[in-house]
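Working notes, structure below.
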Amino acid sequence: MVPHLHAPQNLPGLSSAGQLSLVHWPHQCEVIRDRIEHIDWTPPRPEPLYTPMGLEMKPSYQPAGEGTVIYLTEEANKDSGFVYSQVRGLSPSKQILHQNGDNTLIFEARFESGNLQKVVKVNEFEYQLTLRTDLYTSKYTQWYYFQVSNTQAGMPYRFTIVNFTKPDSLYKRGMRPLLYSEADAKKHNVGWRRTGNEIKYYRNNAGQGGQQYFSLTWTFQFPHNRDTCYFAHCYPYTYSNLQEYLVAISKDPVKSKFCKIHILCHSLARNIVYVLTITNPHEGDKDTKRKAVILTARVHPGETNTSWIMKGFLDYILGNSGNAQVLRDNFVFKVVPMLNPDGVIVGNHRCSLAGQDLNRKYKSNLKEFYPSIWYTRNMIKRVMEERDILLYCDFHGHNRKKNVFVYGCERKQQAKAPNLHPRVFPLLLSKICPDKFSFPDCRFRVQKSKEGTGRVVMWKMGISNSYTLEASICGSKLGQRRSTHFNTKDLESVGHHFCDALLDYCVPNMKYYLCLKEHEEMVKQQAKVNSEGLNSDVLDRDSSTQTSNSSDSCDLVAHQLKLGTKIKTKTSGEHIHRIAKDRSRESKNVSFKMEVSTSTSLGQEQTTQGIETLHKIFQELDPVGREMCYASERGGVRPVSGCHPPKMESRSREKEEKIHHRVKLPITASVKQVGECFRFWFSGSEN
Ligand SMILES: [Zn+2]
């Protein structure tokens with residue numbers, strides 16, 4: 001049974017120290033008592049990638065015995081498997097292994113999400129770093145996050161991390177490490193920023209017995225003397241950060257009415273896995289007609305960027321905008337923001353304390369080993385019993401590719417109704433978020449090796465729109481954001497755009513129907529290629545050798561609607577991948593033009609003509625959603641006569657005012673439940 005909290009209690013006063021003390025660690029983990037905090041900051045302009053000069057050095061690996069070991073943590077991996085946990089972990093032993101009074105840097109990573117196993121001082125300003133493998137495994141090194149103090153400003157430091165195991169890395173393509181200076185945060189209100197020159201990622205000479213290791217090296221200068229700084233692979237987002245966020249929701253008199261926070265289950269270390277239910281209070285039996293949207297994140301702890309996307313999503317959906325109200329009116333959101341809290345706490349890259357990748361365990365019935373996975377699947381099954389699930393999406397970070405994109409699932413013979421096709425939602429997202437989200441990067445094949453993933457299992461359970469959202473931990477290759485890093489605001493914006501895409505999907509407008517049409521064109525193109533026996537996959541854009549002869553589908557629709565956009569015919573002989581990209585770019589422009597032209601420049605006659613044509617297209621394209629056949633207010637198009645009123649509720653002002661009124665209804669379950677939850681933590685007992 002899914003555990004629930006019981007008697008409502010007053011929400012106790014929550015101190016930050018109180019929250020941190022309730023984090024459970026594997027018993028042998030040493031944890032410093034300092035609270036690590038970082039300020040939120042966005043760089044004034046996107047930070048550029050590093051451009052390799054070709055002259056970067058490749059420092060060789062220093063074997064044991066050479067150099068001075070100045071930092072070493074071995075306790076955590078002493079046991080071969082997880083035994084038991086304790087609140088706050090073990091008090092740490094002193095870690096300063098070198099002589100006091102010199103200028104040697106002092107390293108520390110024994111804090112939440114920290115990862116650094118060993119540091120060897122090679123010479124005065126050069127250090128060799130080794131990362132800790134995921135606990136109870138001998139592999140998975142990628143995530144790093146550590147503190148450095150006793151700094152000297154302006155000196156030429158070099159760090160080299162020597163035990164990565166992946167041959168490919170975004171560090172080969174311009175990604176720079178993140179630096180945080182406490183002095184800069186205090187004096188200048190500056191937070192995490194990119195750093196590093198002479199960046200090189202290469203195979204080193206540390207490998208033995210067939211195992212290969214790869215080094216990341218970079219040079220940098222500290223901004224201040226005697227500063228405390230941090231380095232990280234991506235913007236940290238800890239379990240405590242999540243708890244603080246959830247506490248704020250539970251304390252908010254408005255948000256707590258439509259966001260209920262429950263315990264989904266406990267992790268192996270007895271940390272809480274939260275599930276949020278977000279929907280507006282409903283009247284009568286209307287609620288069961290609301291479709292569900294399921295979102296999960298941080299199954300892989302090192303993919304911290306996904307927590308920022310999730311934060312963006314939650315900020316939006318819990319906000320007071322009219323769009324958020326409409327979404328909460330039309331959907332029930334079930335959100336598991338952190339599937340693997342233990343992994344996040346101990347600073348793992350990929351695994352839980354079972355030493356396994358949880359995103360391969362969605363078929364497993366081993367509830368005790370993989371509780372968050374078992375309970376998530378169970379929760380989704382229950383939701384399916386009472387309502388349709390429109391979409392499932394598990395958020396991930398990608399360590400080799402740039403851009404944001406999705407993996408979906410489809411059968412060879414996909415359903416005829418295009419609005420049910422798994423490619424439509426990502427296509428929509430690519431129109432809304434053209435500088436970050438790449439439709440050509442999306443893939444829809446179900447690989448054997450991915451059968452245990454959330455996406456494939458949920459798809460087989462019957463959810464057509466079942467996705468893995470992949471966000472590069474580096475940045476974008478698209479539009480104005482080409483060759484720049486993502487920052488936390490960019491990641492949050494992906495969460496906002498996800499909501500916008502859902503809104504366009506549930507309250508279809510011009511953009512939605514253009515996407516359907518574009519998709520239909522792609523299907524036709526595929527059929528043509530198939531019939532010509534070219535054996536290429538137009539729909540999966542990784543095909544790289546075939547040619548195509550197509551017109552831009554959005555242009556085609558625009559032409560049909562006589563809305564003043566010009567037809568651009570693609571010549572044959574072009575690369576299919578290129579066509580997909582061009583189409584993605586152009587259709588964005590077209591849809592923009594259409595919205596503008598319908599609302600501003602058309603006479604009544606033209607508008608009516610446009611509406612009627614649009615109506616025909618709707619009927620042709622969307623037999624299932626015919627009842628929703630009307631165009632958005634934003635496009636300036638009025639409802640089409642002969643269509644039924646929409647099932648979904650539109651974003652009219654009156655409606656929004658009504659919603660505003662309705663959300664003020666007092667429903668306090670979530671506050672009480674969370675209050676109860678924190679009461680348990682304070683008493684130190686387990687539910
Ligand atoms: Zn992942």
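In listed order, ligands and their atoms are each counted from 1. In this text the structure is predicted, and so the values were computed from the model without any measurement.
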### Message
Would Arg411 and Trp459 count as a cation-pi pair here, with the cationic atom under 6.0 angstrom from the ring centre and within 45° of the axis?
### Response
yes
### Message
Strictly distance-based, threshold 3.5 Å: is any side-chain N or O of Asn487 a donor or acceptor partner for the main-chain N or O of Asp490?
### Response
yes
### Task
Answer yes or no: is there a side-chain heavy-atom contact under 4.5 Å between Arg423 and Cys442?
no
### Query
Among all residues two or more places apart in sequence or in another chain, which pass the side chain to side chain contact (heavy atoms under 4.5 Å, CB included) test with Phe369?
Leu366
### Query
Taking the inter-plane angle between the rings of Tyr237 and Trp308 on a 0 to 90° scale, is it parallel (under 30°), tilted (30 to 60°) or perpendicular (over 60°)?
perpendicular
### Task
Please determine if Lys401 forms a cation-pi arrangement with Phe405, meaning its NZ or CZ atom is less than 6.0 Å from the six-membered ring centre and no more than 45° off the ring axis.
yes
### Message
Tell me how many protein N, O or S atoms are within a distance shorter than 2.8 Å of the Zn ion (ligand 1).
### Response
4
